[in-house]
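Bear in mind that the values here come from a model prediction, so they are computed numbers and not experimental data. A note on names: the letters A, B, ... follow the listed sequences, proteins ahead of strands, and every chain is numbered from 1.
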Number of protein chains: 2
Amino acid sequence: MQLADFFDTNKRLPTYSEMTSLFSLKSKNSIFFIVKKFIEDGFLAKDGFGHLIPGNIIFGTKILGTVEAGFPSPAEEELADTITLDDYLINKKEATFILKVSGDSMIEAGIKPGDLVLIEKGKQARHGDIVIAEVDNEWTIKTFEIHQGKIVLVPANPKYQIIRPEESLNIAGVVVAVIRKYH
Amino acid sequence: MQLADFFDTNKRLPTYSEMTSLFSLKSKNSIFFIVKKFIEDGFLAKDGFGHLIPGNIIFGTKILGTVEAGFPSPAEEELADTITLDDYLINKKEATFILKVSGDSMIEAGIKPGDLVLIEKGKQARHGDIVIAEVDNEWTIKTFEIHQGKIVLVPANPKYQIIRPEESLNIAGVVVAVIRKYH
DNA sequence: TTGACAATAGAACGTCCGTTCTATTATTAT
DNA sequence: ATAATAATAGAACGGACGTTCTATTGTCAA
């Protein structure tokens, strides 16, 4: 759609004048009604002070149903919700960063070498969380567990050993999401 | 940062007047210089027609190094690149949608039940791609392979059998990314 | 205390934005 | 063909926006 394309490339919404080109019209008044329509349809919205902002449909990606449990037909697509991946995955933007996994120590947790992990700094690690931890001056990704009151770092791969940190244990952050991109 | 926060909540950049509140200043002129500074620092930018647009730092999430191969220190963080997940993962926004995986047929490919998969419709499937396919009126996620000129759908789980479609094979799309969110 | 310099405030201004009003052109029904 | 209605164009307008200019305040050195 024209507006989504413009927003993707320009990182802002077009002005009414610019929309005349986008929609091949010659009057801003025509745009006025088109914008009205788009607001009704959820493509656009107005914030508290009358400024035009993109609706969710402009930003987001469709979420459909569940595979292997009946699949949404094209007709049902209309009902689909939309989200942005960033909004969905990131809670505290300032404290979040991305790391590429290089080892296979978490392979059985479905984290493969080359995968990206989203880390949230400063988050309190709880039993079962996957964390980035510093042990002996090396950073590793492991499952954070507490056995009899003691912290242990458990790899998800029988090839590797459970780490029982004696003293200095530095948790860089908690893994809040895993992302794998193909190609 | 103030601008990122404003953009996150309002989905647009603040006006100069609004920035006076954001930065606790009383003159738009002061903002003028602050904006100048932000443009130099990459937080903001101006497009071809002088409109203020957010720089990558406002949108994006930091990409740091590789875990288990030396870990970026806080000092190095400055060098980090930033991206938005949407831009990174989605090529053709119009043709992309998200599906939740419910079975464990791709478990050995690191795709677990509950994971989200990003599907690109209409993309040509190639040998080795993971695809969403319709077989016998059911949709499944499988690896797309070609053996001796014939298409076969291979699960990544020994519990399941290889599917050799006789006639109607409908490929809904190719999996371009996998996303797993914790909690 | 005074002077120099930077930072902030305040006022002024031209431009463009979104809106409204009126005029023109298409479209459809009768 | 004519009238009625909808869609688009065009002109006009108030307001807000980003910018610039000038005034004031704060900070530091001598």
ask   = Want to settle it: does B:H51 or B:N29 sit nearer the 5' end of DNA chain C, counting the closest nucleotide to each?
value =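 Between the two, 5'-proximity favours B:N29.
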task = With DNA chain C as reference, determine whether B:K28 or A:V35 sits nearer its 5' end, using the nearest nucleotide of each.
result =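 The 5'-side residue here is B:K28.
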Interatomic distance where [atom1] belongs to [X] and [atom2] belongs to [N] [whole Å]:
X: A:F33; N: C:dG18; atom1: CZ; atom2: C1'; result: 13 Å
X: A:K46; N: C:dC17; atom1: NZ; atom2: P; result: 15 Å
X: B:R12; N: C:dG18; atom1: CZ; atom2: P; result: 12 Å
X: B:F32; N: C:dA7; atom1: CZ; atom2: P; result: 15 Å
X: B:F23; N: C:dA7; atom1: CZ; atom2: P; result: 16 Å

request  = State whether the number of non-hydrogen atoms from other residues, nucleotides or ligands found under 6.0 Å of B:E40 atom CD is greater than 12.
outcome  =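 Yes, because the 6.0 Å sphere around CD of B:E40 holds more than 12 heavy atoms from other groups.
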message = Between A:D8 and B:K93, does any NZ, NE, NH1 or NH2 come within less than 4.0 Å of an OD or OE carboxylate oxygen?
response = yes
ask   = With a 4.0 Å cut-off, would you call A:E18 and A:R12 a salt bridge?
value =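 Counted as a salt bridge, because a side-chain N and a carboxylate O are separated by less than 4.0 Å.
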query = Tracing side-chain links under 4.5 Å among I, L, V, M, F, W and Y, which residues wind up in one group with A:I107?
reply = none
message = Taking the side chain as everything from C-beta on, heavy atoms only, tell me whether B:K11 gets closer than 4.5 Å to A:D47.
response =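 Side-chain contact under 4.5 Å: no.
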request  = Mind checking side chain to side chain contact (heavy atoms under 4.5 Å, CB included) for A:D5 and listing every partner two or more places apart, or none if nothing turns up?
outcome  =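 Here no residue qualifies.
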key: Range on DNA chain D touched by chain B, heavy atoms, distance below 4.0 Å   = D:dC17 to D:dC21
